[in-house]
There are 2 protein chains.
Amino acid sequence: MDARHLNLTQQLVHELGRSILKGKYKVGGKLPSEAELGEIYDISRNATREAVKMLTAKGLISSRPRKGIQVADQNKWNLFDTDVLGWILVGKPDLYMLRHFMQLRQPVEAQAAYLAAQYATAEDFDNIEQALSNMQLAEVNNDAEATHHADVKFHKAVLNATKNPFFIQLENFIEIALKVNLRYTNRIKPVTELEYQAHADLFAAIKKGEAAKAYEFAMSTQSATLKLVDEAITRSESEA
Amino acid sequence: MDARHLNLTQQLVHELGRSILKGKYKVGGKLPSEAELGEIYDISRNATREAVKMLTAKGLISSRPRKGIQVADQNKWNLFDTDVLGWILVGKPDLYMLRHFMQLRQPVEAQAAYLAAQYATAEDFDNIEQALSNMQLAEVNNDAEATHHADVKFHKAVLNATKNPFFIQLENFIEIALKVNLRYTNRIKPVTELEYQAHADLFAAIKKGEAAKAYEFAMSTQSATLKLVDEAITRSESEA
DNA sequence: TAATTTTTTTAATAACATTATTATAAACCT
DNA sequence: AGGTTTATAATAATGTTATTAAAAAAATTA
């Protein structure tokens, strides 16, 4: 799991980041002091301090003299940070989390499709098309992993085509959203067919520059998934 | 400008962050080495290193042995980080940047309104309503600053009402978007009337739980602004 | 109760040793 | 000779240790 090529600081950042998102350290609760952390993980205080600073920069913790290091309020967390998103996966994403992802993903994907139809270049078309053919191939071979991979690539390519740095930045968000989705796919969406066709239709609209149409395609696809998630939640709540 | 209560590390973080977003250090270009930075800003190497780590955590720079500290690719920047967003303002946001903001803001606000209509609590209603009355008062008094302040508060209250951490996190994004907007308001939108009414209509829909209606209200408001920005860009491009 | 002292913890500096990376040059093979 | 591999040296970050300063909470005292 842990890449050994990471330097000590980054190793500790990931260790603590994961721990916080797993709930080992509670929101508002205290972490061990600098000295103690250094002791526990057997690294110097300076390396420890650097890790603390990095986590502070990501909004996960705050550290003040005499108060020590404490987990910050969740609304301070930089949820769009690649690392933090990754740690969410390591944590315990549930159906509610999946809904949160989908609630944002829906309008983002739709608008991205709209913008892509307006701003995509020939290179973007190539990228999207390649992801698409990979997806088709993977589906024919019934290769779930390859399908997922192509899916991620497709959506990233669309985001890239928007030429909007905010949407491009959301690549990470979409990637993690897809991973969380994957985790629940069996439960909420038994049928994985027709995935390719929906993506192909979206691409066709983008390539023709039909922004409104692309928007509607993306919107309805995401809307369908969101509906499934809502239903799954309703189901699980009625069971309990 | 610089708050003196910030510690040295944070002061340097802001100094360098602003410099990078102002373009003083170009993307892919090199910053002074750790030792040099310490020399320049007259702080120790440890404090410098901590600042470098924080900026690394925000995706602005990367530092590797022998290569030195260099400005990372823009697509690595954590654009949704509060600090980074703030530094964008200090930089030179132009109409294109405003468009980028609006392109994302539009669907986010619309979806937020939709979700708020579903999930808002009595407390949320109070918060939104209070912002609304502040806005009305400010408009009557022709107090631009107070209007802006109430505007920010209104949109933050709506985002909060979604109960979705991702939307709540986007408070910063919306706040900066509004500030960038404000900077261009005179140029792109000479008439600032009817602001209150649009917000009041949106709140009414949210309070009645009419999600689809709230969505449409927000969408059309944002759409109108985006259109104005698009037109302003077309105008300025035809002039040049 | 209010002011003061103590104690804990981070903030900051300094000096030093290590490791990783890259450019350069030397050696080595066709 | 030309190209490839292999040492080597230079550079800059990485990491450690030690010490002092400042801040803030808690305990003590007037």
Side-chain angles (χ1 to χ4, degrees), chain A residues 2-17 19-20 24-73 76 83, chain B residues 2-17 19-20 24-73 76 83:
Chain A
D2 230 349
R4 272 296 158 274
H5 62 272
L6 291 177
N7 63 34
L8 290 182
T9 299
Q10 289 173 337
Q11 284 177 40
L12 183 54
V13 165
H14 279 85
E15 184 63 35
L16 293 178
S19 295
I20 291 170
K24 178 175 171 184
Y25 300 113
K26 300 283 159 53
V27 169
K30 276 181 62 175
L31 271 72
S33 73
E34 284 181 0
E36 288 168 335
L37 283 174
E39 188 89 4
I40 294 169
Y41 295 100
D42 194 34
I43 58 180
S44 72
R45 244 191 77 208
N46 272 357
T48 306
R49 279 179 60 78
E50 286 169 11
V52 167
K53 291 295 180 186
M54 292 190 84
L55 289 169
T56 301
K58 292 178 188 298
L60 287 190
I61 59 179
S62 69
S63 91
R64 304 193 60 197
R66 178 72 221 214
K67 291 202 91 171
I69 304 161
Q70 56 183 194
V71 180
D73 279 349
K76 294 283 179 63
D83 290 327
Chain B
D2 230 349
R4 273 296 158 275
H5 63 271
L6 291 179
N7 62 35
L8 290 183
T9 298
Q10 288 173 338
Q11 284 177 40
L12 183 55
V13 165
H14 277 85
E15 183 65 34
L16 293 178
S19 297
I20 291 170
K24 179 175 172 185
Y25 300 113
K26 300 284 160 52
V27 169
K30 276 181 61 174
L31 270 73
S33 72
E34 283 181 2
E36 288 168 335
L37 283 173
E39 188 91 3
I40 294 169
Y41 294 100
D42 196 32
I43 57 178
S44 73
R45 238 194 73 213
N46 274 353
T48 305
R49 280 179 58 78
E50 285 169 11
V52 167
K53 291 294 180 188
M54 291 189 84
L55 289 169
T56 302
K58 291 176 187 297
L60 287 190
I61 61 179
S62 69
S63 90
R64 304 191 59 196
R66 177 75 219 214
K67 293 206 96 171
I69 304 162
Q70 55 183 196
V71 180
D73 280 349
K76 294 282 180 64
D83 290 327

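Order of the sequence lines fixes the chain letters, A, B, ..., with proteins taken first and strands second; residue numbering starts at 1 for each chain. The basis for the numbers below is simple: all heavy atoms, side chains too, and nothing from hydrogens, waters or symmetry mates.
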_Pairing residues for A/Thr48 by the side chain to side chain donor-acceptor pair (under 3.5 Å) criterion, not counting sequence neighbours_ = none

_For A/Tyr25 against A/Lys30, the heavy-atom pair lying closest together_ = CD2-O, 4.1 Å

*Might you point out which heavy atoms bring A/Ala57 and B/Ala57 nearest each other, and give the distance in Å?*
CB-CB, 3.7 Å

*asked:* To the nearest 0.5 Å, what is the distance between CG on B/Leu55 and OG1 on B/Thr9?
replied: 10.5 Å

*What heavy-atom pair brings A/Gly17 and A/Leu60 nearest, and what distance separates the two atoms?*
CA-CD1, 4.3 Å

*A/Glu15 side, atom CD; A/Ile43 side, atom CD1 - distance, nearest 0.5 Å*: 10.0 Å

*asked:* Among residues 56-63 of chain A, which ones have heavy-atom contacts with DNA chain C below 4.0 Å?
replied: A/Ser63

*Nearest-Å distance, CD (A/Glu50) to P (D/dT14)?*
8 Å

*asked:* One pair to check against side-chain contact (heavy atoms from CB on, under 4.5 Å): B/Leu16 and B/Leu37. What are the steps and the verdict?
replied: CA-CA 10 Å; B/Leu16 293 178; B/Leu37 283 173; 4.1 Å; yes

*Strictly below 4.0 Å, heavy-atom distances to any atom of DNA chain C: list the hits from residues 64-73 of chain B, or just say none.*
B/Arg64, B/Pro65, B/Arg66, B/Lys67

*Nucleotide range of DNA chain C contacted by chain A, 5' to 3', under 4.0 Å to a heavy atom?*
C/dT7 to C/dA14

*Are OP1 or OP2 of D/dT14 and a side-chain N or O of B/Arg49 less than 4.0 angstrom apart?*
yes

*asked:* Can you list everything that forms a salt bridge (Lys or Arg N to Asp or Glu O under 4.0 Å) with B/Arg66? Sequence neighbours excluded, please.
replied: none

*Do you know which of A/Glu50, A/Met54, A/Lys53 makes side chain to side chain contact (heavy atoms under 4.5 Å, CB included) with A/Val13?*
A/Met54

_Shortest non-hydrogen separation from A/Ile40 to A/Pro32 and the atoms involved_ = CD1-CG, 3.9 Å

*Shortest non-hydrogen contact from A/Ala72 toward A/Val27*: O-CG1, 3.7 Å

*Any donor-acceptor pair under 3.5 Å joining the side chain of A/Asn46 to the base of D/dT14?*
no

*Within residues 35-44 of chain A, find the residues that approach DNA chain C with a heavy atom at under 4.0 Å, and present them sorted by residue number.*
none

*Quick one: closest heavy-atom pair of B/Ile69 and B/Ser63, and the distance?*
CG1-CB, 3.8 Å

*Assess whether side-chain contact (heavy atoms from CB on, under 4.5 Å) is satisfied between B/Lys26 and B/Val71, documenting all intermediate values.*
CA-CA 7 Å; B/Lys26 300 284 160 52; B/Val71 180; over 6 Å; no

*asked:* So, does B/Lys53 get its side chain near the phosphate of D/dT14, meaning an N or O under 4.0 Å from OP1 or OP2?
replied: yes

*Can you tell me the distance, in whole Å, between the CZ atom of B/Arg45 and the C1' atom of D/dT17?*
13 Å

*With a non-hydrogen cut-off below 4.0 angstrom, is A/Lys30 in contact with a base, only sugar-phosphate, or nothing?*
nothing

